[in-house]
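What follows is a single structure, written as structure tokens, with notes after it.
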Amino acid sequence: MKTEQTRDLVPLEALTDAAARKRYWRSLEELSDSPEFQELLHTEFPPNATEFLDEVSRRRFIQLAAASFGLAGLTACTRQPPEKILPYVNPPENAIPGHPLYFATAVPVAGVAEGVLVETHLGRPTKVEGNGEHPASLGATSVHSQASVLDLYDPDRAKEISHLGVWQSWEDFQLALMQSLTPLRSGKGERFRILTDTVTSPSLGAQIQAVLAMFPGAKWYQYDPAGRHSARAGALTAFGRDVNTYYRFDKADVVLALDSDFLACGPGSTRFAHDFANRRAGGDRSNMNRLYSIESSMTSTGGKADHRLPLRYAEIELFARDLAASLGVAGLTTSGSQNHPEWISAVSRDLMAHRGACVVVPGLHQSPAVHALAHAMNSALGNDGKTVIYTDPLEVQSTDQIASLRELVNDMDAGRVDVLLTLGGNPVYNAPQDFDFRARLHKVKTTIRVGLHSDETSVECQWQVPETHFMEDWGDTRAFDGTLTIQQPLILPLYDSTSSLRLLDSILNPPGRSSYEIVQNYWQKTNGANNFEQWWRKSVHDGLIADSALPPLTPQLKTDWAQSLSSPGQQGIELAFRPDPYLYDGRYANNTWLQELPQPMTKLTWDNAVHLSPATAKQLNVGNQDRVELNYRGNKVEASIWISPGQPENSATIHLGWGRWHSGRAGNGAGFNAYALRPSDALWGGSGLQIRRLDKDYPLATTQLHQSMEGRDLILSATAAEYKNNPDFVSHETKQPPKELTLYPQWNYTGYAWGMSIDLTRCVNCSACVVACQAENNIPVVGKEQVLARRAMHWLRIDTYYEGDPANPRAFYQPVPCMQCENAPCELVCPVQATNHSSDGLNDMVYNRCVGTRYCSNNCPYKVRRFNFLLFQDWVTEQTKLQRNPDVTVRSRGVMEKCTYCVQRIREADIQSRVEDRFIRDGEVQTACQQACPTRAIVFGDINNHDNEVAKLKSLNLNYALLAELNTRPRTTYLAELRNPNPELKSNA
Amino acid sequence: MRIGSSTGPLYAYAAEFDGPTKLVDAARAVREAGYKRFEAYSPYPVKELDEIVPGWNPVPALVLFAGIAGAGTAWIMQSWIAIVDFPINVGGRPLYSWPAFVPITFELTVLFASAAAFFGALGLCGFPLLHHPVFNLKEFGRASDDRFFLCIEARDHKFNVRKTAELLNEFEPLELWEVGKD
Amino acid sequence: MPQFFSRTANSLARLSLLAVVLGIALIAWLGAMIVRSPYETLQDVPRRQPVPFSHEHHVGGLGIDCRYCHTTVEESSFANIPATKVCMNCHSQMWAVAPILEPVRESYRSGKSIEWTRVHDLPQFVYFNHSIHVNKGIGCETCHGRVDRMPLIWQAQDLTMSWCLNCHRDPGMFVRPKEKVFEMGYTPPANQREFGRKLVKEYHIQSLTSCSTCHR
Amino acid sequence: MTTVAEKQLQTPRRPEPGTSLPVIAGAESFGTLTEQITSVVLTRPTPPFWYYTFAVGMAALIMFVVSVIYLLYRGVGVFGIEIPVAWSFAITNFVWWIGIGHAGTLISAILLLLNQGWRNSINRFAEAMTIFAVMCAGLFPLLHLGRPWLFYWLLPYPNTMHVQPQFRSPLVWDVFAVSTYATVSLLFWYLGMVPDLASLRDRAKNRFAYGFYGVLCLGWRGASRHWRYHETASLLLAGLATPLVLSVHTVVSFDFTIAILPGWHSTIFPPYFVAGAIYSGFAMVLILAIPLRKVYHLENLVTERHLNNCAKVMLATGLILAYTYAIEPFTSWYSGDTFEMAVVHNRAVGPHSWTFWVTLSCNVFIPQLLWFRKWRTDPKRLFLVSFVILYGMWLERYMIIITSLHRDFLPSSWSNFIASPWDVSVLVGSIGLFVVCFLLFVRFLPMISIFEMRELLPFSRPGGGVEK
């Protein structure tokens, strides 16, 4: 480690004795005390001058009338406005007003399902929870599942059928569709084309096939800009056929990720993270797994790795080839690059030592060659069928999507298309730049678009048909292992919308059946069981079709596969495209929760950026928030720089999914459009990027400005070996004052005493907890201006710190909710009793009593309190009101708020148990963050009962309290992080 | 002898002086002569008159009692609210966190005592008292400027039109005024 | 000019001082009274309803149990306002053409809810749960009063926070046997203090005054 | 019969021991003294200077009103505050204004108890300054609330919620301290003014003025009984106000010391804050006195000796401040507390270090000029130094608040602070409010205590000669 280099970069070094032990640092500009960097630090903060000119506040002007009502409701001496009660006319069965109902369904994230239970209050879906029986969820959720409920209520959804912008009825549309399709029948429908997203839904697949049967000349194209293009090509190279690959991390002792962010992104990541963490922090932690990560940009998985090697996108292929060769994969020669020999030898030895219990995971966006090499390595290591499972593809029809889209584009250009039916997707926005999809679309006679949003593609099409949200209609979908879920509607469609199923059915059997009939019919035909009704009910109820996972395959490597590998060339700065961790390919761009969710490593919100390594940035003479022009093969786009530690040299990573111009009020104009640079022959990047500095800067809103721990003992960590030698290292490093060290007598909590334990070894920085908290607790979104003004409202945040060499640092994640201190400093200073302790030791926050002195926030050492500086809560938009949790007070202007351990859930369980005259069982109350957490890093419960899981975890010798020396006695404590580096490999340990 | 106010029955004789020396001398003589209902007026406090002009001063005692009342009020209020009225666990501190009650107890002590001093003093003066017979004396306006007056009220049992005037004239007042009641 | 003010000015000055002091006291007293008065709390104010439903008739006269309509009172926070269907259970037969019930029939026909005016309306930041109270021996009558004597429903209590706390600090004074919860006109025994203490123990009633008991 | 005036001409003026500068310069009689002070209110034409400054003050006041309306309309987020810097300008202004007020009480109460006769010519307007400063100060805690309309929840009163204030919070102490302080200052000021209001009444030239001052003075006659109660009450109020004034800034400093933030949690704060308060207060007294004596030709009453004495007090309190500035880093170093040391370091070299160094310059380095007599007695120079101190003291509080808040315990929450235009407009506006109030006071009320000045005249005691 470059000790001498980093030492003088730490500003507080001179004062902190801890500095000698650990060196932490933060955002790059602070690494240097140079005047420019100092200046940057100042300009990094936004002037508030413009805050009353922003778009949101203009809207707010109208909101004030409504707001004053809301405010009035919180005051003591104002009469409440009269309220009406509207009872049911015919009460539905099982519905008890005041109790939520849960329905099983599945969230399609990029066409791949995650099984969930949706909480509904009087028919309103309000919150998504994981489905414990579903293999992709196991009770947890991804950020996308959590945020999907907000998509349902997105006020910018497409709301009505229109033709050239004029409102039309469903009947008008059907007539027009028939009129344009009927003349095509004579040519067998040759001039009729269907373009969809990747389709994994069997019933939709069947519908499309039926339409194709009706129009034998018609063609069906699929296009997902961030799909598994490389994986398919790699599988074809290696096996000669397409396979779906998934991994069993619960059986893997050694994991090698080749540019894969499998813990936080991509299909199955929720399950993968779960298995990975269980293998890492299970039992007495003496048998940890080991993760090597070779990656082309800093990701959550890379930060979690025991050894991380930043390599440029193209270099990873060379590394994989060398590694494969050293593993003895047949028919392979080394690349001859001789790079990182110590890594090659150490990793290959480690993998070989764990044959059949290790796994090589290629990133979805890596090159086909890397996928093929990974298959070959897994095969050579005997992992097939053990840690690596192959199945048939999830898609109804696996195609080379780029080639097929190219064909469509050429046909459109040549005028060979009369009717183009686009179901989902958003090709005008996200098709490769060289396809010029938008211009060619206009050469089609009739263009029809079915989409959830009125997006870039919709506005370019003649017919816009709103699509139902998956919570509004029937459907089916597949999970990463092929498990099928029948999706059921939870609410009637909010708008005049239709599903793709229904639309296709109106072509097949006019006027078309309901989605329910279509899906049920399909399954009746497919299943053919005589007790179908029972099977159907059970499948719908359980949220999955039993035993529907695809059977494992054992594909054989082609003998000549290695010959088809080619060596990538490289020159200049390399450009790498990545799907955004939250917005994916841009489809979630109008989801404000995801827009404002801090990006895993950079904590950026509301923008994407060009990620450069510190050294490359210095070389190019650019700094954070500098505006630059990216020039890639002659295509240009303006973007902002963000210096990312751990990024390989001479490499720029940019995320897809931003810079949309017709996504709605949240997504429009957020970030820059990376698709404008994306060619069809270099989907995931290539070399030759030119970066020209423009003389302006552009503020980027990050929620964490400082990513160095300043030598403070905030995150305790040790290697597995160190822990073995010194199991009590935690108590040596923290300074918890003895309980007697106080003038005051103790409070005793004799009943329940709620507490939380957060295992830092398990946390993988996926941020599902943050969105879950936001959904559960009615937390408002504040917008970029206010994030810049440091007023983000997340009750739970994940602090990300870096340590070590900026070129390749270690990263640490620490979720920080309210600590619920027993000696809470915040309570002491509240003048109006608005925050104080409940009898079960919760740090209550009484919103309606708060007058807003903000003293509590000042006195909170953890800074977990959030304040409604302005009217952040949306009191106007009807749709967003429907999402709100009725069990949590909606806070208005001028009120402090914070995490309460989801006290509404505690009280509900408390009441339920008392009604039943029993005690609350362990695990009966789960906080929203705990429930969403894929890795079970968060455990909550009564610490007075020593049999409870949380009490057991707190009794481990890894348990420590954050800032224990302040004697706040937090109820939330952490388990120190353990890592398992390979003693053979020195670097990045 | 000049008439200060022509109407009404006689209120008092007022001797006008131009300095404190004669006023004090005259007042002392008046007191020694056995007059009880007399009053000296000066544009600033003349300490020597305190022993001469009769009267008692209850202000300090008032202030003391008010201060004790303030302290008691504050302490009892805070303790009662924290312990009896709505006992709440605030930051793990005991209900009777007496050190925290000290500042307000002090403040209320001062507040009560100050109010007592202010209202006590003005109240003892009989204020507000906008109308007073002595204002019938035209020249009395200068009592707040540069003149000093010694008044002997006609009510005094020793008051005698001739003798009293003689007594006052002994001290060579600038003028001796006869002040009427209306 | 020294005698500028007349003799009455003295009285006037003192009176006006007194008036100021009394005025401030009066305003304070008035304010305190208003927030406790039915004007603010709406206590004892019958509310106009789309259908003049009489609890007096249905409960007092016909003796229908509370739970026939308020079905979820024992299991949910919300006691439930009966669906139109529940009204029609009887009123499709009885008074089936009475003009006064037209809104009920109209609702049943059209499927649109009857819009009742909320009478017991706690602020949005207060989370009251019926089930726990009913299951722990707090009678309907304790909070809702003699519903069987109300032609149109009104709020029998002021529903202020201090009123809630009254019971939450000393539930023994208000608790009754579980089987009497739905009874109207229950008279507590003379030894309610001891009797209540016994019930509190038996029912495991807790005196909960934490803020988050009601505010979440 | 010789008049007092004639006699006084022959009485030699006796200089006070220990100083060569006189308290009252030039020949004075009771009459001329009364005339000189009352004429400012009653007869002399209002000087153009008054109109100019009033116009400027009024403009700032209007800005204040507009800002406050916008603030109430939009919410407290119009200020630059954020998490973690949840307090900034408003609390800075509060502490600053309260501190300014302290000099008035000090002059009127403590110097009265210490029998410092020279304070008689400056105590009245210093007290007025106190009242207006406390008024400005009191507005800020209200305005910076998230929901200002609920401010009364900080007061104990019987309510239907059955909830009372939390008496462990320094903010509740603040409420009591500041309101007590405002009340006591007002009572003290008014009590002292009653005899002078009578002087104004008796010299009023028209019925309206006579009625106005007549009611205000409550019927003061100058009877020896009046003086007896008045004197006792004044002395007792002075005795009460003295610990009060110390307690108020002590309580204000508790706002910081009770918190656990590094840089705030310190036992030295109470004396540190009290000294700083007096320091800034005297600076404000001089800033007001120097133009006033010039414009209203009061050089004979507010003499160089006053300037000199005030400057000496400033020098002394400034040295106390210098001591605390020096001892703060020492204690944090001595404690070995990482967080405390980080704050000291951050103050000195962090992104807001300019506030630290400018504060140090304004409050410690530049005031050392006051060691020179010339700088203490030359009005222009003294005015300049006072101005620097006043700014320095504002910045000091800003520095304490911002530098502790923006980088506290968890680096992940570290931030910076940038003020919004509304922060500035409310501060400037509050100065406007102060100026307007003060000018109205100068115009309509006696700005120098007449009766106490009379006591200073050599022939005011029976038998002639001055009491000390």
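Naming: A, B, ... by sequence-line order, numbering from 1 per chain. Because only heavy atoms are used, hydrogens play no part in the values below, and waters and symmetry mates are left out as well, while side chains stay in. Every value quoted in this text rests on a predicted model; they were computed, and no experiment measured them.
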Q: Write down the atom of A/K898, the atom of A/C818, and the distance for their closest heavy-atom approach.
A: NZ-SG, 3.3 Å
**Q.** For the student: nearest non-hydrogen atoms of A/L760 and A/Q814, plus distance
**A.** CD2-CA, 4.0 Å
Q.
Suppose a student defines contact as a heavy atom less than 4.5 Å from any heavy atom of chain B. Which residues in residues 831-844 of chain A would they list?
A. A/Q833, A/N836, A/H837
Output side-chain donor-acceptor pairs under 3.5 Å for residues 98-109 of chain B, partner residues at least two apart or in another chain, one line each.
residue, atom, partner, partner atom, Å
B/T105, OG1, B/Q78, NE2, 3.4
B/T105, OG1, B/F101, O, 2.7
B/E107, OE2, D/S247, OG, 2.7
B/T109, OG1, B/T105, O, 2.5

Q) For the candidates A/P745, A/C821, A/C830, A/C826, which exhibits the highest count of non-hydrogen atom pairs separated by less than 4.5 Å from chain B? A) A/P745
Q. Considering residues at least two apart in sequence or located in another chain, which fulfil the side chain to side chain donor-acceptor pair (under 3.5 Å) criterion with A/R866?
A. none
Q. With distance as the sole criterion, is a donor-acceptor pair present between the side chains of A/S757 and A/K954 under 3.5 Å?
A. no
Q. Can you tell me if A/Q912 and A/R907 form a side-chain donor-acceptor pair at under 3.5 Å?
A. no
Q) Which of residues 79-95 of chain B get closer than 4.5 angstrom to chain A, counting heavy atoms alone? A) B/I88, B/N89, B/V90, B/G91, B/G92, B/R93, B/P94, B/L95
Q: Can you establish whether the number of heavy atoms outside B/Y96 located under 6.0 Å from its atom OH is more than 12?
A: yes
Q) Taking side chain as C-beta onward, heavy atoms only, is A/E897 less than 4.5 Å from A/R865? A) no
(Q) Under the criterion salt bridge (Lys or Arg N to Asp or Glu O under 4.0 Å), I'd like the reasoning laid out for A/R712 against A/E965: C-alpha separation, chi angles, the key distance, then a yes or no. (A) CA-CA 11 Å; A/R712 299 174 181 185; A/E965 60 268 44; over 6 Å; no
Q | Geometric cation-pi criterion, B/R142 with B/Y41: 6.0 Å, 45° | A | no
